[in-house]
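Note on naming: letters A, B, ... go to the chains in the order of the sequence lines (proteins, then strands), and numbering restarts at 1 for each one.
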There are 2 protein chains.
Amino acid sequence: MTDNKDKTLVLENFLPYRLSYLTNIISHQLAQLYTTQFDITAHEWKILAILNRYPNISAADAGEKTAMDKVAVSRAVKELSEKALVHKIFAAEDKRRSVLNLTGQGTDLFHKIAPLVTEYENALLAILTKQEQAQLSQLLDKLTHHVTAVKP
Amino acid sequence: MTDNKDKTLVLENFLPYRLSYLTNIISHQLAQLYTTQFDITAHEWKILAILNRYPNISAADAGEKTAMDKVAVSRAVKELSEKALVHKIFAAEDKRRSVLNLTGQGTDLFHKIAPLVTEYENALLAILTKQEQAQLSQLLDKLTHHVTAVKP
DNA sequence: TGAAATAGGTTTCATTTGTAACTATAAATA
DNA sequence: TATTTATAGTTACAAATGAAACCTATTTCA
């Protein structure tokens, strides 16, 4: 009889706990890469990355694509603007809507950090075979779709 | 040529990002279960769960088993003690070391919450086949061992 | 139209969290 | 043994976060 069978919750086997344990460690290690060498928070890094990929998007769009709430986006953008890494204007056709872009400096910084984090990702994935990597990707997709469907 | 090939970091494909996205949603949904119905934080819930499984452990042990830092453990235990859910004494043979246990009330509360969170876990896992669940478990193990080995 | 509702962003305030300093006890060592 | 060093836990302060209130601009529709 397994522990789950008799209804005793075993933290070590509990999926949400295991996911959060792993994720916390990874996020922490990853953050080291840019918080120490460059003076950038995790939120700020996310905004840099998303603006590199999608120029001219609004704060709301950036929030949606990064799963950050609008307050966090607003604060990160403000910081990044003050650091001259991001340029913000308001759209002419709708003056509420912001239009965000990396500055030259912002682009430069992105290209300094990106190799570090992809290197970290590669180091992570190195213990998995190509097939396992594909499995993992698929499982994460399934779970993510499921989970966002349940409570959108 | 894929986006990864030309070194442009694509957030949506980046494993740490995808993990953190999924985990945040799950943690949040899960927390709803006990923060709303019972007045318990995520940290407090972790302590309840670990003390149910391992009675008589110290705060340091609890922290190690839950991946919480000692300050978070101290605060959660203090709260739980004030709510009479956890009983804390100091060990006779080493007066620095605490000895923690659930009270009767604490045990009762644990047994109220446990079914809710396991039900949530089951709902989560329901989109995966048994085989996929096993794969996921194995992949998480591999990654977790790897990641803790890299930076212990 | 013009009042009400909505949407994008920002600010404020309270809570949470993390780091570092601190207290008390125990272990190590000189 | 006396002094240093290490360990368990708490406290204090600062930074990060989240919820709600708050502009301002745009829609909606009576």
Side-chain angles (χ1 to χ4, degrees), chain A residues 20-21 23-25 27-32 34-36 39-47 50-51 54 56-83 86-101, chain B residues 20-21 23-25 27-32 34-36 39-47 50-51 54 56-83 86-101:
Chain A
S20 126
Y21 186 85
T23 302
N24 285 346
I25 293 175
S27 299
H28 205 261
Q29 291 182 1
L30 199 53
Q32 298 280 42
Y34 40 82
T35 55
T36 56
D39 190 30
I40 284 289
T41 68
H43 281 335
E44 289 166 26
W45 164 243
K46 271 194 193 173
I47 297 295
I50 211 71
L51 290 184
Y54 302 102
N56 293 309
I57 62 175
S58 68
D61 291 341
E64 206 221 327
K65 289 181 192 303
T66 55
M68 293 166 63
D69 77 84
K70 62 180 184 173
V71 177
V73 173
S74 174
R75 292 199 258 239
V77 167
K78 186 182 176 190
E79 259 307 302
L80 291 169
S81 294
E82 286 168 7
K83 292 178 186 165
V86 161
H87 177 70
K88 176 178 79 176
I89 57 175
F90 286 93
E93 59 301 353
D94 183 345
K95 292 176 212 157
R96 295 170 305 181
R97 183 176 209 86
S98 59
V99 179
L100 304 173
N101 277 291
Chain B
S20 126
Y21 185 85
T23 301
N24 286 346
I25 294 174
S27 298
H28 205 262
Q29 290 182 2
L30 199 54
Q32 297 279 42
Y34 40 81
T35 55
T36 55
D39 190 30
I40 285 289
T41 68
H43 282 333
E44 289 166 26
W45 164 243
K46 272 194 192 172
I47 297 295
I50 211 70
L51 290 184
Y54 302 102
N56 292 308
I57 63 176
S58 69
D61 291 341
E64 207 222 327
K65 288 180 192 305
T66 55
M68 292 165 64
D69 77 84
K70 63 180 184 172
V71 177
V73 173
S74 174
R75 292 199 259 239
V77 167
K78 187 181 176 193
E79 259 307 303
L80 290 169
S81 294
E82 286 168 8
K83 291 176 186 167
V86 162
H87 178 68
K88 176 177 80 174
I89 58 174
F90 286 93
E93 64 291 1
D94 182 346
K95 291 175 212 156
R96 296 170 305 180
R97 183 175 211 86
S98 59
V99 178
L100 304 174
N101 277 291

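Considering every non-hydrogen atom in both B/Ala76 and B/Ile47, the closest pair reads CB-CG1, 3.9 Å. The minimum heavy-atom distance linking B/Thr35 with B/Ile40 is given by the pair CG2-O, 3.2 Å. Nearest heavy-atom pair, B/Leu100 versus B/Ser58, reported as atom, atom and distance to 0.1 Å: CD1-C, 4.0 Å. Closest heavy-atom contact between B/Phe90 and B/Lys95: CD2-O, 3.4 Å.
A heavy atom lying under 4.0 Å from DNA chain D marks the following residues of residues 91-100 of chain B, by number: B/Arg96, B/Arg97, B/Ser98. Of the residues in residues 59-73 of chain B, B/Asp69, B/Val71 come within less than 4.0 Å of DNA chain C through at least one heavy atom, sorted by number.
Contact check for A/Lys46 versus A/Met68: side-chain heavy atoms found under the 4.5 Å cut-off. With contacts defined as side-chain heavy-atom distances shorter than 4.5 Å, the pair B/Leu51/B/Ile57 qualifies.
Distance, A/Glu82 CD to C/dT10 P: 11 Å, rounded to whole Å. Between the P atom of C/dG9 and the CZ atom of A/Phe90 lies a distance of 7 Å, rounded to the nearest Å. When the P atom of C/dT11 is taken as reference, atom CZ of A/Arg75 falls 10 Å away, rounded to whole Å. Put simply, CD on B/Glu79 is 12 Å from C1' on C/dT16, counting in whole angstrom units. A/His43 has its NE2 atom 15 Å from the P atom of C/dT10, to the nearest Å. Atoms CD (B/Glu44) and C1' (C/dT16) sit 12 Å apart, rounded to a whole Å. Nucleotide D/dT17 holds its C1' atom 13 Å from the NZ atom of A/Lys46, rounded to whole Å. Computed from coordinates, the B/Ile40 CD1 to C/dT15 P distance equals 18 Å when rounded to whole Å.
Not one N or O on the side chain of A/Ser74 forms a donor-acceptor pair closer than 3.5 Å with the backbone of A/Lys70. Listed for the A/Asn56 side chain is no donor-acceptor partner under 3.5 Å among the backbone atoms of A/Val99.
When the salt bridge (charged side-chain N to carboxylate O under 4.0 Å, His left out) test is applied to B/Lys83, the partners found at least two apart in sequence or on another chain are B/Glu44, B/Glu79.
Side-chain nitrogen and oxygen atoms of B/Ser74 include none within less than 4.0 Å of the OP1 or OP2 phosphate oxygen of D/dG9.
B/His28 comes within contact range of no nucleotide atom at all, as no heavy-atom separation falls under 4.0 Å.
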